[in-house]
Number of protein chains: 2
Amino acid sequence: MRDTRAELLARAEILVRGRGYSGFSYGDLAEAVSIRKASIHHHFRTKTDLALALVAAYDARYDAALAAILATKGDAASRIEAYGQLYLTGVEDGLGCLCAVLAIEMDTLPDVLRADIARFFDKHIAWLERVLAGGCADGSLRPGLDPAATARLVVATLEGALLLERLLAGSAGFRSTLMVLCDSLRPPRIG
Amino acid sequence: MRDTRAELLARAEILVRGRGYSGFSYGDLAEAVSIRKASIHHHFRTKTDLALALVAAYDARYDAALAAILATKGDAASRIEAYGQLYLTGVEDGLGCLCAVLAIEMDTLPDVLRADIARFFDKHIAWLERVLAGGCADGSLRPGLDPAATARLVVATLEGALLLERLLAGSAGFRSTLMVLCDSLRPPRIG
DNA sequence: AAAAATCTACCTACTAGATGGTAGCCATAA
DNA sequence: TTATGGCTACCATCTAGTAGGTAGATTTTT
């Protein structure tokens with residue numbers, strides 16, 4: 001037996017990340033999953049409920065990925081690079097970041113949803129801040145660097161690069177930006 | 001007598017930048033400008049026509065701003081910073097970049113529109129590339145820096161910071177990111 | 001173990017309102 | 001007199017969401 005709820009979440013995420021939140025409808029989703037529009041309401045009472053579930057699932061996946069990076073990568077420099085790689089699949093699949101897509105439509109978003117998205121980004125910034133501070137201490141990153149400000153810069157650059165390179169140059173463009181970003185964090189080479 | 005067309009463009013831009021392209025309707029716009037929905041079609045036959053005009057106007061304003069920067073700022077470092085400042089009003093007014101907003105909904109956008117948006121970003125990247133190359137030559141920027149890759153990085157960072165800080169920390173957050181970005185482009189300080 | 005009650009996951013059919021867009025009319029200004 | 005820029009009144013389609021029903025599985029009661 002199939003897990004309709006999971007299928008709905010998976011397909012809805014793809015639709016939202018490709019067309020925006022108001023650009024996607026229960027009608028589209030119903031067709032994609034081959035059930036009737038009304039049946040979606042059985043799993044997600046309102047569109048907002050669905051969006052909240054979407055963000056929760058997305059957030060959980062990132063939580064797992066961030067933990068995995070800490071477990072497998074030893075130094076800060078490679079942790080940041082691994083973090084950047086997380087965005088790469090989005091570029092390759094032509095899908096924007098779910099939370100960026102939602103953030104764009106801020107003015108029309110229900111407050112709960114907006115709060116969840118803000119929390120998503122805050123979490124990433126806090127994680128990066130810790131990693132960056134560690135890198136300053138162990139010498140794998142430029143010593144003078146401001147962890148708090150640089151964390152924001154990293155998220156901004158990657159979100160922007162995903163948005164931009166999905167439209168323009170694809171994964172090659174994204175990879176190039178990620179390289180330049182990582183270089184700018186390393187200690188200056190002498191000579 | 002009032003210039004309805006200009007009013008329509010101005011209000012539509014605000015609406016789109018705040019709520020996304022599919023999140024905005026002729027109905028909203030009609031109410032904002034206090035004319036009937038059908039009358040908008042007299043000025044912009046279809047929603048796509050309106051979007052194209054919106055992008056054209058936005059693009060023209062940036063053209064003027066970029067030219068003004070070249071005319072008033074002498075060195076590359078301050079040109080880049082001035083370019084970054086252009087995004088600041090967006091953060092302050094709580095409005096995303098028009099072309100970023102449209103790019104988010106890529107999958108549903110008419111081809112002409114998508115092409116115009118791509119051209120908008122390509123133009124910025126090309127402008128930055130020239131400025132960055134100049135800065136390497138005149139010594140106001142880090143000598144080793146790759147102008148082409150760094151131009152993409154700059155646009156990505158600013159677009160991302162606008163998206164992020166509109167949601168999170170407002171203009172303070174944006175300013176901090178802009179500072180860190182500019183610092184990373186300058187020649188490394190010795191000592 | 002059989003029968004009864006409840007729950008799950010879907011369905012058809014519907015609603016009220018919004019959506020982009022059209023047709024055709026009317027006042028005003030060049 | 002003719003374009004301009006509005007208007008009312010539509011239209012078909014799509015929107016999220018509701019009402020109510022059904023077949024089948026599960027659980028509870030007898």
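Computed from a predicted model, the values in this text were never measured in an experiment. Order of the sequence lines sets the chain letters (A, B, ...), proteins ahead of strands, with each chain counted from 1.
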Please report the distance, rounded to the nearest Å, between [atom1] in [X] and [atom2] in [N].
X        : N       : atom1 : atom2 : answer
Phe44(A) : dT18(D) : CZ    : P     : 16 Å
Lys47(A) : dT18(D) : NZ    : C1'   : 18 Å
Tyr26(A) : dC10(C) : OH    : P     : 14 Å
Leu15(B) : dA18(C) : CG    : P     : 16 Å
Leu29(A) : dC14(D) : CG    : P     : 16 Å
His41(A) : dT8(C)  : NE2   : C1'   : 18 Å

Problem - Ring centers of Tyr26(B), Phe44(B) separated by less than 6.0 Å - result: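 Distance test on ring centres: not under 6.0 Å, no.
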
Handout entry: Residues which pass ring pair (Phe, Tyr, Trp, His ring centres under 6.0 Å) with Tyr87(A), listed by chain and number, not counting sequence neighbours
Key = Tyr83(A)

Practice task
For residues Arg114(B) and Met106(B), determine if any side-chain heavy atom of one lies less than 4.5 Å from a side-chain heavy atom of the other.
Solution key: yes

Problem - Check: Thr157(B)/Thr157(A) side-chain N/O donor and acceptor closer than 3.5 Å - result: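 Yes, because at least one side-chain N or O of Thr157(B) sits under 3.5 Å from a partner of the opposite role on Thr157(A).
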
Practice task
Give a yes or no on whether a salt bridge exists between Asp63(B) and Lys123(B), defined as a side-chain N under 4.0 angstrom from a carboxylate O.
Solution key: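 Judged by the 4.0 Å cut-off on N to carboxylate O distance, Asp63(B) and Lys123(B) do form a salt bridge.
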
Completion exercise
Heavy-atom contacts, protein to nucleotides 3-10 of chain D, under 4.0 Å, summarised as B (base), S (sugar-phosphate only) or - (none) per nt, yield --BSBBB-

Handout entry: For Thr4(A), side-chain hydrogen bond (donor to acceptor under 3.5 Å, both in side chains) partners two or more places apart
Key = none

Fill in the blank from the handout: Per atom distances to the Arg45(B) side chain, the nearest of dG21(C), dT22(C), dA16(D) is dT22(C)

